[in-house]
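Report on one structure; see the data block that follows.
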Number of protein chains: 2
Amino acid sequence: MQSTQDSVKNSAKVTIADVAREAGVSKGLVSFALNDRPGVAVETRARILKIASALGWTPSLRARSLSSKRSFALGLVIARDPEVLGSDPFFTSFIAGVETVLAPEGLALVLSVVPDAETELQTYRTLVTDGRVDGVFLSDLRIDDARITYLAELGLPTVTLGRPDQPSPFPAVSIDDTHGIAESVRHLAGLGHRRIAHVAGSPAMLHGSRRQEAFTGAMRAAGLGDGQVVETDFSIAAGADAARRLLSQPGPPTAIVFASDPMAIAGIGVAHELGVRVPEDVSITGFDDIEFARYLYPALTTVGATPLVWGRAAATTLLGLIRTGSAEDVDLPAARLIVRGSASIPAPH
Amino acid sequence: MQSTQDSVKNSAKVTIADVAREAGVSKGLVSFALNDRPGVAVETRARILKIASALGWTPSLRARSLSSKRSFALGLVIARDPEVLGSDPFFTSFIAGVETVLAPEGLALVLSVVPDAETELQTYRTLVTDGRVDGVFLSDLRIDDARITYLAELGLPTVTLGRPDQPSPFPAVSIDDTHGIAESVRHLAGLGHRRIAHVAGSPAMLHGSRRQEAFTGAMRAAGLGDGQVVETDFSIAAGADAARRLLSQPGPPTAIVFASDPMAIAGIGVAHELGVRVPEDVSITGFDDIEFARYLYPALTTVGATPLVWGRAAATTLLGLIRTGSAEDVDLPAARLIVRGSASIPAPH
DNA sequence: GTTTGGCCCTAAACCGGTTCAGGCATCCGC
DNA sequence: GCGGATGCCTGAACCGGTTTAGGGCCAAAC
């Protein structure tokens, strides 16, 4: 091992006591100065700060955690079948957004991926008994979501991604997807489609049921009845099955609104397989605007979500909640329809 | 606020001192008993453990961190443009695999997503000065990767995902992708293809350059020359561009081996757009076997990677390294070709 | 019978911060 | 001139574990 390298390894960690000794003051005063709390003379504070930086002092996160009972980390628990998760690009972008606000604050993100809802609760419990995080993001909201009361009982500061359907003590950071679905339906209706179907997500998931409601609402508003709806679990396989069912029946729809891009992509695949042309024979729209959407053929008409922005807003809100004890709900700009090639005028029958 | 709820919030944390008092022994002995270290009479140990569990004692991660100078967490830093990252399902599956070994051990995963390589190094430094993690996974290995020596200097236990092209002090957990690429080429050659092109990943990335070498190697072995190669940065956009270039030129290839599924999917889109039929006019293979692959039309012939297994193996190895101070390299089973519909016999010219 | 050594255990220091009670000046108002 | 408020600072306790020096006690060795 060479000798030049280890500026880090060899430098015995300089502590607050070293700074105090050097400055000729007590440990306590150094702590006060470093956290700029009142009760320290300005020039003393300046001197302490100067010495601290000269000595290369760095706070010990561990010591600070122990005495202040904070962990300087936020948590995200994702409960999904890994197989399904893999194809959903939401979280990586979301996390990148979260990171943009955490990193400058010196906070870390603790991520858990668990297989099912039960271990998810267990994970939250471990997170708080271990004091691993100061707060969490709650995603994939479900109807009548048990996690909300559970987290409330645990006393864990939480921000929900989306507005729950039940009374919640937590701030919600939401994006309105209703609007995007309605826009999709209007777009298709405007192109002349009458038989429009919806491949919905899971009705147990809040965004699944909301989008489905938005669909039927928009259909009625357009005077097109309720529209045919097939419920799924948001998986690609289920999306493909739903598309197959819809397109194989007599009098198939001329347009299908999918509740997610992955399902829509599977839908396009099924259409091709069945010899149904997109968009000539069936128009297709998606939801999310994942990167693939633009590169398919035909390019997917879809609703643009903004997970990065969402992550940033959620992190900001959660931080505010933790620091001040309360935070306002945040409503992000509604997701908008992005028109590409997968939806067009229906073929004359 | 109701009164029944807060079993957690109200229970004043029981500490090791409480257990000691109850058992009529010293704090130190309790600590010894709980970590089963020698020097405690068997019946005393049993009594202490019994009392600890009766009192509902739970170790304080924070206190333990401070005194033992460990953090009971592992780190993963991902440096990518979030846009590119979003479409790559590798990490979510990988993380799920990691989690299967961390969770039972009571360890957490700290995840950072950073925009570029420079902040990545910075992040590693922060991770160690903060004592945030006990070790890290190093992914997306690059040619002559500066991070390896940097991490070595930081003294941070590391496992590399793949075998570096330079001397490395760290154990490597690798999967041979060479084999899958070679299999793809042989498969295509066996179908009768002569003009086979490769849309490579970034030559600066280890897996990019390895796959490219594997391609040319296999081409030569099949007596088909070097084959045309277009280098990209692994992004979907670059994959689409490459495909466009290849298919628009005079005497286009009859088969294209893509270095990743996302690029292959974009390639299929481009082919459709250009009126080139897949697989009749051009055969296409990918790499990764992302979930989409199976649901496209035609379904993608691709090489199956196993990020979940990889994550599990990497976590096990990193844990071993941290605990014992050394660990062996691990070679995962080679990725195999999965034959689906996107490659077939070339059209007679 | 003393020494040696092992076993079981205690007391106290330690990790590196935060926090709180209180001491000492200095300044104010009356 | 004096009581009280204010500003700056110290010392020590505290967070909840780990670790080490050493003290009895008992059995085996000499």
Side-chain angles (χ1 to χ4, degrees), chain A residues 11-49 51-53 55-73 106-107 128-132 134 323, chain B residues 11-49 51-53 55-73 106-107 128-132 134 323:
Chain A
S11 69
K13 179 82 177 166
V14 11
T15 77
I16 214 173
D18 300 322
V19 177
R21 189 174 341 99
E22 188 77 11
V25 297
S26 69
K27 267 175 62 179
L29 196 65
V30 173
S31 175
F32 271 54
L34 292 168
N35 295 319
D36 26 46
R37 296 174 40 155
V40 186
V42 276
E43 64 272 21
T44 310
R45 176 192 315 279
R47 188 161 48 90
I48 291 177
L49 293 184
I51 290 177
S53 92
L55 259 45
W57 175 82
T58 286
S60 157
L61 206 65
R62 289 172 183 149
R64 217 207 284 242
S65 283
L66 178 58
S67 56
S68 69
K69 298 181 178 311
R70 285 177 294 163
S71 25
F72 307 97
L107 304 176
V128 339
T129 59
D130 282 2
R132 193 72 91 155
D134 297 324
R323 288 181 180 162
Chain B
S11 67
K13 178 82 176 167
V14 12
T15 77
I16 214 174
D18 300 323
V19 177
R21 188 173 343 100
E22 188 77 11
V25 298
S26 69
K27 268 175 61 179
L29 196 65
V30 173
S31 174
F32 271 55
L34 291 168
N35 295 320
D36 26 47
R37 296 174 40 156
V40 184
V42 275
E43 65 271 20
T44 310
R45 176 193 314 279
R47 188 161 47 90
I48 292 177
L49 293 183
I51 290 178
S53 92
L55 259 44
W57 176 82
T58 287
S60 157
L61 206 66
R62 290 173 183 149
R64 216 205 284 242
S65 283
L66 178 58
S67 55
S68 69
K69 296 179 180 315
R70 285 176 295 162
S71 26
F72 306 97
L107 303 177
V128 338
T129 58
D130 282 2
R132 192 73 91 157
D134 296 325
R323 288 181 180 163

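Lettering follows sequence order; numbering is per chain, from 1. Heavy-atom basis, side chains included; hydrogens, waters and symmetry copies ignored.
Scanning all heavy atoms of the two residues, the minimum distance from A/S71 to A/S65 falls at CA-OG, 3.9 Å. Residues A/I51 and A/E22 approach most closely at CG2-CG, 3.5 Å, considering heavy atoms. Residues A/L66 and B/L66 come closest through the heavy atom pair CD2-CD2, 3.3 Å.
A sub-4.0 Å separation between OP1 or OP2 of C/dT18 and a side-chain N or O of A/R64 is present. An OP1 or OP2 oxygen of C/dG16 is reached within less than 4.0 angstrom by no side-chain nitrogen or oxygen of A/W57. Taking 4.0 angstrom as the limit, A/T44 places none of its side-chain polar atoms (N or O) nearer than this to OP1 or OP2 of D/dC8. For D/dC14, neither phosphate oxygen OP1 nor OP2 lies less than 4.0 angstrom from any side-chain nitrogen or oxygen of A/K69. Distances shorter than 4.0 Å separate some side-chain N or O of A/R37 from OP1 or OP2 on C/dT19. B/S31 has a side-chain polar atom (N or O) that falls below the 4.0 Å cut-off from OP1 or OP2 of D/dT18.
Atom CZ in A/F32 sits about 6 Å away from atom C1' in C/dT19, given to the nearest Å. Atom CG in B/N35 sits roughly 11 Å away from atom C1' in D/dT19 (whole-Å rounding). In this entry the distance linking CG of B/D36 with P of C/dC8 reads 14 Å, nearest Å. The distance from atom CZ of B/R70 to atom P of C/dC14 is 21 Å, rounded to the nearest whole Å. In this structure, CZ of A/F72 is placed 8 Å from P of C/dT18, rounded to the nearest angstrom. Note: CG (A/L34) to C1' (C/dG17) measures 10 Å, nearest angstrom. Atom CZ of A/R62 and atom C1' of D/dG16 are 15 Å apart (whole Å). As rounded to whole Å, 13 Å separates atom C1' of C/dC15 from atom CD1 of A/I16.
Distance from the side chain of B/S67 is smallest to D/dT18 among D/dC9, D/dC15, D/dT18. Picking from D/dC8, C/dT18, C/dG16 the nucleotide with the shortest atom distance to the side chain of A/A41 gives D/dC8. When each of C/dT18, D/dC15, D/dG17 is scored by its nearest atom to the side-chain atoms of A/L66, the top-ranked nucleotide is D/dC15.
Side-chain contact between B/V30 and B/K27 is absent, with no heavy atoms from C-beta onward closer than 4.5 Å.
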So which protein nitrogen or oxygen atoms get under 3.5 Å of nucleotides 10-13 of chain D's nitrogens or oxygens?
from   : atom 1 : to    : atom 2 : distance (Å)
D/dT10 : OP2    : A/S26 : N      : 2.9
D/dT10 : OP2    : A/S26 : OG     : 3.2

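When atom types are taken as modelled, the side chain of B/R70 and the backbone of B/D134 share no donor-acceptor pair closer than 3.5 angstrom. At least one donor-acceptor pair closer than 3.5 Å links the side chain of A/R62 to the backbone N or O of B/G131.
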Enumerate, atom names and distances included, each donor-acceptor pair closer than 3.5 Å involving a side-chain atom of residues 32-46 of chain A, sequence neighbours excluded.
from  : atom 1 : to    : atom 2 : distance (Å)
A/N35 : ND2    : A/S31 : O      : 3.1
A/R45 : NH1    : A/A33 : O      : 3.4
A/R45 : NH2    : A/R37 : O      : 3.3

